[in-house]
Amino acid sequence: MLDALPVLADRGPAALAEAAGLGADELAPLLARLRDLNPRPAAGFSTDTARTRIADLLFEREGDRWIARLNPESLPRLEINDFKQGASSAMSFSREKSAALRLVSALETRNENLLALGRLLAGEQAQFLSHGPVGQRVFTRREAARRLGLHESTVGRLASSSSAATPAMGVLPLREFFSRALRRQAEASPVQGSLAIKARIEQMIAGEDPARPLNDGELSDALRAEGISISRRVVAKLRTSAGIPNRAVRRSR
């Protein structure tokens, strides 16, 4: 039965019984025993506590708008001790102090840029913060860099290395607040980001008729009727990334 187990996910218990050469009455207790097994038997020996990432930014609701502020718990605390030194070590200390001052300045600049980026995202992705993935809109790192007067690589480093705490979605990597248009053609949706479109696909599939699941072409047509023009191929890519099987598998369940 274990050798034929993949058949269960694709075609159901009857197909598994046939592939394993078992009767239905023989298969049922075997499956029940399998379900009772611990899929992670070694997990009980681990004493490590999962580390929770501390967010760099905090998004909070203030009246009818969103605001961003730096998380004080994630800010490094640096001080330079200006102690007395002899003449022989003065030059060496001066170099070290200059390097320390540059480090402090770099951190201050990084925090200023991060806060400016957070405030920009609080306005541009307000619907994302309010409604979750369905509210994400197209907003690129290049556009953020242009608006802030920064180099695109600077915004890219901030997006890749930082995270933000949100009231509804928990702590998210800052890169989740950016999305490119799915296609460069003029007919592509100019507003919704990939997370929003993926969430809409999930909603459509959740509400489909189990006896007649929607194929990717029908999903593409339904999205187009809502003003989101993407191809069947892009729909398939987003559906797969959401962990949703194709129509044939969904219909066999």
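- Of all non-hydrogen atoms in K198 and L238, the two that sit nearest each other are CG-O, 3.9 Å.
- Following chains of ILVMFWY side-chain contacts shorter than 4.5 Å, one cannot reach L103 starting from L158, and the two form parts of different hydrophobic clusters.
- Hydrophobic clustering (side-chain heavy atoms under 4.5 Å, transitive across Ile, Leu, Val, Met, Phe, Trp, Tyr) groups V155 together with L172.
- Between the OG atom in S163 and the CG atom in N71 there is a gap of 8.5 Å [rounded to 0.5 Å].
- F128 pairs by the ring pair (Phe, Tyr, Trp, His ring centres under 6.0 Å) definition with F177, not counting sequence neighbours.
- Partners of Q127 under the side chain to side chain contact (heavy atoms under 4.5 Å, CB included) rule, at least two apart in sequence or in another chain, are H131.
- A donor-acceptor distance shorter than 3.5 angstrom exists from the side chain of T109 to the backbone of S105, with no hydrogens or angles considered.
- Linking Ile, Leu, Val, Met, Phe, Trp and Tyr residues whenever their side-chain heavy atoms come within less than 4.5 Å leaves L58 and I67 in two separate clusters.
- Evaluation of the salt bridge (charged side-chain N to carboxylate O under 4.0 Å, His left out) test over residues 157-178, restricted to residues two or more places apart or in two chains, returns none.
- At least one donor-acceptor pair under 3.5 Å links the side chain of R239 to the backbone N or O of I244.
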Item checked: Worked verdict on L121 versus L174 for side chain to side chain contact (heavy atoms under 4.5 Å, CB included) -> CA-CA 9 Å; L121 292 173; L174 205 60; 4.0 Å; yes
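- In terms of modelled atom types and a separation under 3.5 Å, the side chain of E26 and the main chain of G23 share a donor-acceptor contact.
- Put simply, the side chain of S179 does not reach to within 4.5 Å of the side chain of Q192, judged on heavy atoms.
- Considering only residues two or more places apart in sequence or on other chains, S160 meets the side chain to side chain contact (heavy atoms under 4.5 Å, CB included) condition with R141.
- Within the structure, the salt bridge (charged side-chain N to carboxylate O under 4.0 Å, His left out) test picks out the following pairs touching residues 104-113 (sequence neighbours left out): D56-R110.
- Residues in residues 142-153 take part in these salt bridge (charged side-chain N to carboxylate O under 4.0 Å, His left out) pairs, two or more places apart or across chains: E124-R147, R142-E152, E143-R146, E143-R147.
- Listed by chain and number, the residues in a side chain to side chain contact (heavy atoms under 4.5 Å, CB included) with T240 amount to none (sequence neighbours excluded).
- Closest approach of I54 and S74 over heavy atoms only: CG2-CB, 4.0 Å.
- V138 has its side chain out of reach of F178: every pair of non-hydrogen atoms, C-beta onward, lies at least 4.5 Å apart.
- Hydrophobic clustering, with ILVMFWY side chains joined whenever heavy atoms are under 4.5 angstrom apart, keeps L195 apart from I205.
- The minimum heavy-atom distance between I230 and S220, with the atom names listed, is O-OG, 2.7 Å.
- For the atom pair CG (L22) and CG (L16), the distance works out to 7.5 Å, reported to the nearest 0.5 Å.
- From K237, atom NZ reaches atom CD1 of I201 across 12.0 Å, with rounding to the nearest 0.5 Å.
- Remark: side-chain polar atoms of R247 are not paired, donor with acceptor, to backbone N or O of L214 under 3.5 angstrom.
- For P167 against F59, the heavy-atom pair with the smallest separation is CD-O, 3.5 Å.
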Note to self: Would V104 and L107 count as a side chain to side chain contact (heavy atoms under 4.5 Å, CB included) here? Give the steps.
What the structure shows: CA-CA 5 Å; V104 171; L107 287 172; 5.8 Å; no
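- The residue from D36, L37, L30 that alone fulfils the side chain to side chain contact (heavy atoms under 4.5 Å, CB included) condition with L34 is L37.
- The side-chain hydrogen bond (donor to acceptor under 3.5 Å, both in side chains) contacts involving residues 203-213 comprise R200-Q203, E208-R250, R212-E218, where partners must be two or more places apart or lie in separate chains.
- For the pair W66 and E60, the minimum side-chain heavy-atom distance is 4.5 Å or more.
- With sequence neighbours excluded, no residue forms a side chain to side chain donor-acceptor pair (under 3.5 Å) with R232.
- V134 forms part of no hydrophobic cluster, judged by ILVMFWY side-chain heavy-atom separations under 4.5 Å.
- Here R65 pairs with E62 under the salt bridge (Lys or Arg N to Asp or Glu O under 4.0 Å) rule; sequence neighbours left out.
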Next item on the list: Verify side chain to side chain contact (heavy atoms under 4.5 Å, CB included) between S194 and Q136, making sure each step is shown before the conclusion.
Entry: CA-CA 8 Å; S194 59; Q136 189 201 50; 4.1 Å; yes
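- Taken together through direct or relayed side-chain contacts under 4.5 Å among Ile, Leu, Val, Met, Phe, Trp and Tyr, L129 and L117 form part of one hydrophobic cluster.
- Closest non-hydrogen pair, G135 versus Q125, comes out as O-OE1, 4.3 Å.
- Residues passing the side chain to side chain contact (heavy atoms under 4.5 Å, CB included) test with L70, sequence neighbours excluded: L57, L75, N111, L114, L115.
- The heavy-atom pair separating A164 from A55 by the smallest distance is C-CB, 3.9 Å.
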